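Remember, it's a predicted structure, so these values are computed and weren't measured experimentally.
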Amino acid sequence: MLEILLYAGRAIMPLLLTMALGCWLRRSAHWSDDFYRQLNSFCFHVLLPVQLFLNVYAIEDLSVLNWRLLGFIVLCIVGAAGLGVAVAPLFARERAQRVVIAQATFRANQVIMGIPLASALGGQDALIFASLVTSVCVPVFNMLAVLMLTAYSTDGKSISWREEVRQIFRNPLILGALAGLVTVLVRQLPQVDGQPVFSLRSGLPSIYKACSDLSKVASPLVLLILGARLRFDAVQGLWKKILAAVSMRLVVVPLIVLTLVLLLREPLGLTTVEMPTIVAIFCSPVAVTSAVMVQEIGGDEQLAQQVVAWSSVLSMGTIFCFAAALRAMGVM
């Protein structure tokens, strides 16, 4: 069990160090808060959509997925989102803070931490399955987040369903995911002379390389901005809401989902290779990109940043506890 704790520390420490660098840069006063806000917007409109496009594009073969398990995972994500919306009013009066708690309840840091965590818990086979599932789940995370953020960004004013749909499909993250899905579907078409009809990697290697390089920049830059805009003096006024959001993400949702998984293990056809992916999706800390999106709709970005930071730190302990318990039960 010590290796699980050590892995959790190794996986999270780079995140914390990058955020710490951002804090130092802010204190050195080389750039204003306005600069970091604009950089944050650049990540949202350019870097993150490219990253999401490549995540979806990485789906090689849709037939190899355990579709029953994948459907269960998606239902659990949707259920967690509904739970977040239901409990948020219990902890926050302001809509700008409710959306942070609601989003934190279901949105995991699957790309940055979830896939490596699945690999550490289950090896290469678990890594392959986690990568496939992530390519499907990340767009679900983002679609739900956009729906939620769009609803909360109206400040209580009613808008038509057409306008809401229009806002959703204007979102850069959704556009990135849809572009990736289109390329995956095209790749599934009958091949010509044994080659796919279209392949970005082989057909347009320069564009693929540029997208890949931009994608690699996205996560570290978002973490750097998060650290630069984090205010530790804000914890005192927000600690109850931080505790609520972090508890929902790291304790309540994992307990509910893992209990259901254990009860439905046989109907789902779940194997020990697939269990690490469940742990990765539902036990990882809050997604870094959630703070970026909150800023874009005018939510409480300071609360969102605090929730990302504290969930990242505390997840080292909660991941260890859940993984150790599952190992003891012989299901992982």
Side-chain angles (χ1 to χ4, degrees), residues 14-53 92 94-104 107 109 111-112 141-142 145-155 157 167-168 170-177 213-239 241-242 245-246 285-313:
L15 279 66
L16 300 181
L17 289 175
T18 306
M19 285 191 284
L21 175 60
C23 288
W24 179 81
L25 288 174
R26 186 198 75 225
R27 290 181 179 276
S28 67
H30 287 305
W31 297 282
S32 66
D33 191 61
D34 231 23
F35 166 77
Y36 290 112
R37 183 181 291 273
Q38 290 174 3
L39 201 56
N40 202 60
S41 183
F42 171 71
C43 289
F44 179 77
H45 287 94
V46 179
L47 298 184
L48 292 175
V50 171
Q51 185 185 65
L52 189 55
F53 165 77
E94 299 177 20
R95 291 167 61 84
Q97 294 181 332
R98 287 181 184 180
V99 68
V100 175
I101 297 173
Q103 188 181 195
R107 197 167 184 203
N109 195 356
V111 175
I112 297 176
F141 282 137
N142 284 282
V146 172
L147 281 168
M148 191 175 291
L149 292 165
T150 300
Y152 277 96
S153 68
T154 63
D155 295 325
K157 299 174 184 177
Q167 288 185 30
I168 289 169
R170 284 176 183 165
N171 186 280
L173 299 180
I174 297 300
L175 294 176
D213 290 343
L214 287 171
S215 176
K216 292 172 185 175
V217 174
S219 295
L221 186 56
V222 168
L223 285 167
L224 192 74
I225 298 166
L226 178 63
R229 308 197 67 218
L230 195 63
R231 299 291 185 272
F232 291 102
D233 55 357
V235 174
Q236 187 172 0
L238 296 172
W239 72 268
K241 298 172 183 67
I242 295 171
V246 172
V286 179
V288 175
T289 52
S290 64
V292 181
M293 294 184 72
V294 166
Q295 175 191 303
E296 287 299 309
I297 61 100
D300 191 329
E301 57 189 277
Q302 190 55 231
L303 175 60
Q305 292 163 3
Q306 295 286 347
V307 168
V308 170
W310 286 106
S311 67
S312 297
V313 174

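- Across all their heavy atoms, A145 and R107 have their closest contact at CB-NH1, 3.9 Å.
- To the nearest 0.5 Å, atoms NZ (K241) and CZ (R98) are separated by 11.0 Å.
- Put simply, CD on Q306 and CG on L238 are 6.5 Å apart, with the number rounded to the nearest 0.5 Å.
- To the nearest 0.5 Å, the span separating CD1 on I225 from CZ on F42 amounts to 9.5 Å.
- Side-chain atoms of S41 do not come within 3.5 Å of backbone N or O of Q38 as any donor-acceptor pair.
- Looking at heavy atoms from C-beta onward, L39 lies out of side-chain contact with W31 at the 4.5 angstrom threshold.
- When every heavy atom of V308 is checked against every heavy atom of S290, the shortest pair comes out as CG2-OG, 3.7 Å.
- Residue Q103 comes nearest to M148 through the heavy atom pair N-SD, 3.7 Å, listed as atom of the first residue, atom of the second, then distance.
- Atoms CG and CG, from D213 and L47 in turn, are 11.5 Å apart once rounded to the nearest 0.5 Å.
- Taking every heavy atom of both residues into account, V307 and A245 meet most closely at CG2-CB, 3.7 Å.
- Annotation for C43 and P49: closest pair O-CD, 3.8 Å, computed over non-hydrogen atoms.
- A distance of 11.0 Å separates CG in L224 from CH2 in W24, rounded to the nearest 0.5 Å.
- Of all non-hydrogen atoms in S215 and V50, the two that sit nearest each other are N-CG1, 4.3 Å.
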